[in-house]
Amino acid sequence: MKKPGVKDLYIGAVIINPPTSLTNKTGSWRVIRPVIDQDRCIRCRICWAYCPDAAILELDQPYEAGGKKYSITYVVNYDYCKGCGICAAECPVKAIKMIPEVEKL
Amino acid sequence: MSMNKVLEKKLLEPLSGNHAVAYAVRDCDVDVISAYPITPQTTIVEKLAEFVASGELDAEFLHVESEHSALSAAIGAAASGARAFTATSSQGLALMYEVLFIASGMRIPMVMALVTRALSAPINIWNDHSDLMASQDTGWIQLVSTNNQEAYDFIIIGYKLSEREDVMLPVMVALDGYIQSHTIEPVQLEDPEKVRKFVPKKKRPVTLDPEKPVSFGTLGDPDWYYEFKIQQAEALERAYQAYKEVSSEFSQYFGRSYEPFQILYGEDSDAILVVLGAHTGTFLKAVEMARREGMKIGLGVIRMLRPFPPEVSKYLSQYSFIGVADKAINFGSASGSYLTNDIATSLYLEGASSRITTYIYGIGGRPVKIEDALYVVRHLWRISKRLEEVPKKPVFVGVRY
Ligand code: SF4
Ligand code: SF4
């Protein structure tokens, strides 16, 4: 199929048919992946707030750890996580480890 | 004019160029003004602040931290569908440089007043066209006024032109620092109701709207960028015809109209001197004085700098000798003058063999007296009579060696 040209595209590179970012799975860019240790995680929400790609999901999923009960669970959406490591750096209890995607790294 | 007609017409207001611009912005019912002060533009946004404070204009007045932010804020406002305005001069325009391309590339409709002033260094707050000329390749439509009435009118014409669906480009309205900005002239102000009827606010099909989300300012990778740039180039080209239509509608409403390029005393002239900006009047006076001495020189006035009007070469190609008066130096370029480079290129593409003499004048606010303008006109006349060679380099009027 011919790609849209000068006459077809909406001006100014404005994207008028959102959300095109959903189809652009940036997870393939990742070379290191964040892995959350659910037993250490204190559900502070900091990783969720800091992730530049909104790739930390807050799920309504109860979890028990260290004698504490939580009503939510944080998980990484690997379809879009680029592996920047910000969540791991910001986590106050070091519950997130960055693991190489490829052995050699 | 009958007595009744005379009485019907409102009295002229004595206004500085800057206040004329502010009144035009008020009359266009602008929604967002982002302001950062810089000499000699400041009294535009000061007057607008007064209008907003007094309730005469219902607008958001944003105090931003730099000109870079002033234009960025105006772009954001315009992208959300608001009618936006900002104003600047010289270093302020230079600081906006990257944002100028973003405004035109994002196809943002808005108007910015440029009160022309020399660029540093050395620091100089006085008038020349170095800021205007250096921004001519940023994709903006550029209208250059020659007096305060035109400054008022071009703001109004600017919004109409900018917001046309076949244009959607930012418009820069230039007026000369001090010579217009701080000089009071009689200006015919129009009834704001009538101005608003001429530039009605229409809902644009695509704006930043939480109800109907879109993305502005996206990435254009090598697969896409090219197409958007061609769209932009075509829109700027269309702006010429669009301007003519808007200008003729403006004349039906208000009885004044401005050709993108106008020739005065063209019919019997041996040469044409091309000018733009506030010194048009000075050169016109000199041309008229010289004509009384029998020197048949005409005047060409450029009021639209971008897009460069196609009729410039069409009209000028009929003359063997052209003079170009430029109030800016185009360092290191083929002719040393922005205006000459454009005119020479357009004449060459037209297949014309007219010879051009460049006159650089008024640099850094160096006063332009009638004697200076007369010197230019007489020099051009001597060239047209082959009493003098066409110089390859610009003639620097009034410089001390
Ligand atoms: S690594 Fe970066 S992108 Fe991935 S979840 Fe953490 S903060 Fe988000
Ligand atoms: S920042 Fe660490 S502790 Fe806080 S929610 Fe994220 S993983 Fe859990």
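Each chain gets a letter, A, B and so on, in the order the sequences are listed, and its residues count up from 1. Because the structure is predicted, anything quoted here is derived from the model rather than measured.
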Practice item. Using a cut-off of 6.0 Å, state whether more than 12 heavy atoms not belonging to B:Asp58 lie near its atom CG. Key: no

Exercise for review: For the pair B:Thr218 (side chain) and A:Ala13 (backbone), establish whether a donor and an acceptor sit closer than 3.5 Å, ignoring hydrogens and angles.
Suggested key: yes

Practice item. State the CD1-CE distance between A:Ile11 and B:Met168, to the nearest 0.5 angstrom. Key: 4.5 Å

**Study point:** A:Glu90, CD atom: more than 12 neighbouring heavy atoms under 6.0 Å
**Key:** yes

Review point. More than 12 heavy atoms of other residues, nucleotides or ligands under 6.0 Å from CG of B:Asp221: is that the case?
Key: yes

Check your understanding: What part of A:Pro4 lies closer than 4.5 angstrom to a heavy atom of chain B: side chain, backbone, both or neither?
Key -> both

Practice item. Determine the option with the most heavy-atom pairs under 4.5 angstrom with chain A, choosing from B:Pro205, B:Ser215, B:Ser104. Key: B:Ser215

Check your understanding: What option among B:Gln231, B:Met106, B:Glu227 has the most heavy-atom pairs under 4.5 Å with chain A?
Key -> B:Gln231

Exercise for review: Using a 4.5 Å cut-off on heavy atoms from C-beta on, say whether the side chain of B:Val214 contacts that of A:Tyr10.
Suggested key: no

**Study point:** Atom group of B:Gln232 that falls short of 4.5 Å from chain A, counting heavy atoms
**Key:** neither

**Study point:** Within 6.0 Å of CD in B:Glu249, more than 12 heavy atoms from elsewhere
**Key:** yes

Review point. Is atom NZ of B:Lys212 surrounded by more than 12 heavy atoms (other residues, nucleotides or ligands) closer than 6.0 Å?
Key: no

